[in-house]
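For reference, the structure discussed in these notes is given below.
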Amino acid sequence: MQNIESSKKVFEFDVEKIRNDFPILEREVNNKKLVYLDNAATVQKPQAVIDAISNYYKLYNSNVHRGVHTLSQEASHHYEQARIKAAAFIGAKSAQEIIFTKGTTDGINLVAQSFVKPRLQKGNEIVLTMMEHHSNIIPWQMIAQEKDAVLKIAPISESGELVMDEFEKLISKQTKIIAVTHVSNTMGTINNVSKIIEIAKQNSIPVLIDGAQSAPHMQVDVASMDCDFYVFSGHKVYGPTGIGVLYAKEEHINSMQPYQGGGGIISTVTFNKTTYVQGPLKFEAGTPNIEGAIGLAAAFDYCNSVGMETIFEHETMLLKYANSQFKNFPQVKIIGTTEHKAGVISFALENIHPFDIGTLLDKFGIAVRTGHHCTQPLMNFFNVPGTTRMSFGIYNTTQEIDYFFGALEKVLRMLS
Ligand code: PLP
């Protein structure tokens with residue numbers, strides 16, 4: 001407690017000012033002030049994002065890339081500005097490397113279908129890890145089954161860290177892609193993606209990084225990371241749902257063919273043959289999520305105004321604070337205990353189902369996630385049916401964590 005207090009003093013961050021930017025934090029749940037600790041699932045939205053979406057509809061709602069009229073030009077301008085901001089947010093060299101998707105899941109499916117599947121042959125291998133989200137398993141499983149290829153799964157340790165030696169041993173001449181999460185959504189483990197990419201490069205294997213849980217919480221620089229693909233979701237970076245980003249190196253954007261056809265991606269169409277436009281638009285068939293991109297741009301502005309390093313520092317402080325309090329609950333088993341973690345804590349209790357804990361915490365106005373967190377293979381590894389997960393965002397406070405532990409104590413008393 002002493003250490004936390006002193007680190008709080010060193011690290012000045014006006015969380016109350018931040019909280020005022022999020023209207024939903026005013027609301028009550030079950031007659032209690034909302035304490036939102038389900039940020040790994042989705043985060044709340046600041047007023048600036050809500051305003052950007054509403055202004056699009058109030059002031060310049062129109063389709064993009066098609067019209068010569070003023071509203072269409074304005075909408076196109078804002079849509080393409082969002083692409084430029086997305087590139088800057090993750091350190092891409094150019095907006096030409098940014099494809100707008102529906103989210104992380106959609107981005108992984110796109111890479112699986114457009115990049116990997118055409119290169120995949122019988123007996124080839126796809127390397128994943130034990131801690132992947134289902135979204136970074138199933139798209140690969142689908143193409144592997146279609147092409148008679150094999151998934152190879154890198155193991156993790158009891159503390160939830162990737163076992164690098166074992167990971168390296170899985171790589172062979174048959175490996176066609178390595179797809180790894182940057183940060184585990186269930187445990188918070190931050191993977192050493194630079195090392196993974198270094199090993200992959202030595203073997204000329206492309207790497208996809210699932211950034212769903214890193215983009216919202218830390219400064220990301222895809223150019224220096226040197227990954228081939230990086231995917232994340234708008235709704236986890238304080239932006240809207242239904243929009244996401246796939247970063248792909250320009251050479252891959254040029255070499256991949258779209259797997260979905262439609263308007264907006266073509267250069268010429270006859271009944272015999274279609275030629276496509278160059279660049280990311282080739283992968284954005286149909287009317288895109290214009291309001292989503294515009295809201296996402298406002299979210300990038302918002303995160304930048306706070307600073308990604310500040311966000312990481314604040315959430316790390318919350319993580320340490322919460323971890324220190326768990327010492328008072330010896331009956332709780334924390335899933336994922338490595339030092340190198342983002343602001344996520346999953347825990348399990350023998351003979352108490354996480355759904356019961358989550359349901360009772362909700363009576364205190366506390367939102368946590370319960371279940372398998374779309375990581376069933378990881379749950380099987382730890383031999384638990386599910387966990388209760390608290391995950392932090394920019395607006396969470398140590399007072400909320402105190403309140404959480406007070407409520408947890410009462411809940412556990414009720415359930416035992
Ligand atoms: N990957 C990870 C690590 C995640 O945490 C999530 C969502 O929780 C996803 C992928 C899927 O993201 P979405 O549902 O936004 O496509």
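Both counts, for ligands and for their atoms, begin at 1 and track the order of listing. These figures come from a predicted structure and were not determined experimentally.
Scanning for ring-ring contact (aromatic ring centres under 6.0 Å, His included) contacts around His340 gives an empty result, with sequence neighbours left out.
Of the options Asn185, Ile137, Ile138, a side-chain contact (heavy atoms from CB on, under 4.5 Å) to Glu132 is made by Ile137 and by none of the others. Between Met390 and the options Leu408, Asp38, Ile345, a side-chain contact (heavy atoms from CB on, under 4.5 Å) holds for only Ile345. Among the candidates Leu246, Ile253, Thr101, the single residue satisfying the side-chain contact (heavy atoms from CB on, under 4.5 Å) test with Phe283 is Ile253.
Taking the charged nitrogens against the carboxylate oxygens, Lys58 and Asp51 have no contact shorter than 4.0 Å, which rules out a salt bridge.
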Would you check, one step at a time, whether the test ring pair (Phe, Tyr, Trp, His ring centres under 6.0 Å) holds for Tyr79 with His65?
-> CA-CA 9 Å; Tyr79 185 74; His65 300 143; 5.5 Å; yes
Can you produce the list of protein nitrogen or oxygen atoms under 3.5 Å from a nitrogen or oxygen of ligand 1, alongside each distance?
{"unit_1": "ligand 1", "atom_1": "1 (N)", "unit_2": "Asp210", "atom_2": "OD1", "d": "3.3"}
{"unit_1": "ligand 1", "atom_1": "1 (N)", "unit_2": "Asp210", "atom_2": "OD2", "d": "2.6"}
{"unit_1": "ligand 1", "atom_1": "5 (O)", "unit_2": "Gln213", "atom_2": "NE2", "d": "2.7"}
{"unit_1": "ligand 1", "atom_1": "8 (O)", "unit_2": "Lys236", "atom_2": "NZ", "d": "2.6"}
{"unit_1": "ligand 1", "atom_1": "15 (O)", "unit_2": "Ser233", "atom_2": "OG", "d": "2.6"}
{"unit_1": "ligand 1", "atom_1": "15 (O)", "unit_2": "His235", "atom_2": "NE2", "d": "2.8"}
{"unit_1": "ligand 1", "atom_1": "16 (O)", "unit_2": "Thr104", "atom_2": "N", "d": "3.4"}
{"unit_1": "ligand 1", "atom_1": "16 (O)", "unit_2": "Thr105", "atom_2": "N", "d": "2.9"}
{"unit_1": "ligand 1", "atom_1": "16 (O)", "unit_2": "Thr105", "atom_2": "OG1", "d": "2.5"}

